[in-house]
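See structure below.
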Amino acid sequence: MSDPYTVLGVSRTASDEEIRKAFRKLAKKHHPDLNPGDKAAEAKFKEISQANEILSDPDKRRRFDAGEIDASGQEVPPRGFYRDQASGPGGFKYSRGGGHESFVDMGDIFSEMFRQQGGSRGFSFGGERPGFGGDGFDMGGMPVTYSLSVPFLMAARGGKQRVTLPDGRTLDIDVPEGTADGTTLRLKGQGMPGREGKPAGDAYVEIRVQPHPFFEPRDNDIHVELPVTLTEAVLGGRVKVPTVGGPVMLNIPANSNTGKSLRLKGRGLLDRRTQQRGDQYVKLKVVLPDDADDKLKEFLKAWEQGKAYDPRAAMEQFT
Amino acid sequence: MTIDELLSLHGRLTAMHVERWVARGLLRPAGSGDAWTFEQIDVARVRLLAELADDLGFDDEAVETVIGLVDQVHTLRGQLDLLARALAEQPPATREAIAATLRRLGRS
C-alpha cells in the first residue's frame, strides 16, 4: 500500500484544506461513476479514498505520522457503485429520453444510420434487456435469458435447483439465500457458444418465486396468520410457529384476541444487500373446534358476561 | 425500501437532501409524498449524489450537470451494447466486413 501523502500528492506538512482539495481533485478525476467504462478507476479511487481516510482524520493522521498505523491498516470496505446499477437490468430507469420507449426509438436511429451508410436493410434490435452482453466488438457468444420458477422456501433458505436447458444440457443453479422475486442471476459462460474460439456468452436467469400457502413476504418481513385455540387465546401459552428457518416457540400472552400481531425478530428473509434479516409477524386467529362439545356449550350458557358484551358496537359509528 | 431505511443506510444523509433531489427530478422513487419506495438503483444513485455533493464538493447546479452527463453516458453505453449484440448475431462474413470498415474509418 502506497504512502497516503504520495497518493494524494501532498507534502507531509500539508494543511487540512490542502489535503481536502487534493482529494477532491483526484476523486473528481477517478470516481468510478464519472468513468463508467474504466474498470481500473475503481482500484485507483479506492487508493485515493484510503489515503484520504487517514489524512482527513487528525487522529489517524497523527498515528500514521508516528508510525502507529500503516497505510494499509485502513481497509475501505468493498462497495458497489452506481454504474453497476445503471448498467444492470434496471438501468433504463434513469436513461436519458425516458424509459423503455427510448430503446424502441433507438432501433430506428441505428437502422437509419446503417441505411445511410450503404443500403443495409438494418439490424434486428430485439434485445429486451439493455446493458448486458459482450464488451465491445469481441464477437463472443450471445447472452441468453431464462426464467426459472422456484419454491418459496428454496428462495428464502437458498439451495440448488436443477434445470434442463432448451439445448438439453442440465445445470445446477445456486439459488442464494434470500433471493427476491424478479432477481436475475448471472451464469458466466452458459450462454451461446462463441465463434472462432471466442468465449461463450453468459446466461441470465430471472428468478420467479412461487407463492407459499401461508408465508406472505413483504419486503424482508414475513407475515403469517396463526390459528390458535380459544384456550390459548384466553389463558395464553407457548405455541410452535413455523418460520422459514424452522419452527420456533412463541409466547402468547393471556387474553390475546384474533388480529393481535406478535413479532419474531430476525426470523424474516435475509436482505442480500445489507445482510440483515427481516422479522416475522404473527397475526393470531382464534379458531373454535370443528365440533363444539357439550361441555363448551354448557360453559357458555352459564357465562353471563358472554351475553353482555357487544363486539359489533364499534361498527355502528360507520353505518 | 422506505425513506427511513434509506436514511439509516447513509449516516450523513437527511430527508431534506432526498426531498431536494426528488423535487429537482434527479431522483425518481416510486410512490409519492410520504410513501416513497426506493429501488436498488435509487439507493445507489442517492449514494452517488451524496458523494458528488459532499465528498467531491460540487454545488447543486454542478451536481445536476454531472448526473445528467452520467445518465447520458449510461444511455449511450446501453445503446452501444445493443448495437454490439446485434452485430454479434450477424453471419461471420458480415461481422468481418464491419470490422474491416471500422478499421478503415478509424484510420482516416
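Heavy atoms only: backbone and side chains are in, while hydrogens, waters and symmetry mates are out. The structure displayed is predicted, hence computed values, not measured ones. To find a chain, count down the sequence lines: A is the first, B the second, and so on, and within it residues start at 1.
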What part of Arg273(A) gets closer than 4.5 Å to chain B, counting heavy atoms only: side chain, backbone, both or neither?
side chain

With side-chain contact (heavy atoms from CB on, under 4.5 Å) as the test, would you mind laying out the steps for Tyr94(A) and Leu26(B) before giving the verdict?
CA-CA 9 Å; Tyr94(A) 289 103; Leu26(B) 305 186; over 6 Å; no

Closest heavy-atom pair and its distance - Leu56(B), Ala27(A)
CD1-CB, 3.7 Å

Please tell me if the side chains of Asn52(A) and Asp55(B) come closer than 4.5 Å, counting only heavy atoms from C-beta onward.
no

With a 4.5 angstrom heavy-atom cut-off, which part of Val46(B) approaches chain A: side chain, backbone, both or neither?
neither

Cut-off 4.5 Å, heavy atoms of chain B, and the answer for Asp219(A) is neither

Please state whether the side chain, the backbone, both or neither of Arg47(B) comes within less than 4.5 Å of a heavy atom of chain A.
side chain

Using a cut-off of under 4.5 Å on heavy-atom pairs, state which of Val43(B), Val70(B), Asp42(B), Leu52(B) scores highest against chain A.
Asp42(B)

Can you tell me if Glu17(A) has over 12 outside heavy atoms packed within less than 6.0 Å of its CD?
yes

Only residue of Glu51(B), Arg45(B), His74(B) satisfying side chain to side chain donor-acceptor pair (under 3.5 Å) with Tyr82(A) is Arg45(B)

Of the non-hydrogen atoms in Ala44(B) and Gln85(A), which two are nearest, and what is the gap between them?
CB-CG, 3.6 Å

Against chain B, label Thr274(A) side chain, backbone, both or neither, depending on which of its atoms sit under 4.5 Å from a heavy atom there.
side chain

Is the count of non-hydrogen atoms from other residues, nucleotides or ligands lying under 6.0 Å from Lys28(A) atom NZ greater than 12?
yes

Tell me which of these, Asp33(A), Asp84(A), Leu34(A), has more heavy-atom pairs under 4.5 Å with chain B than the rest.
Asp33(A)

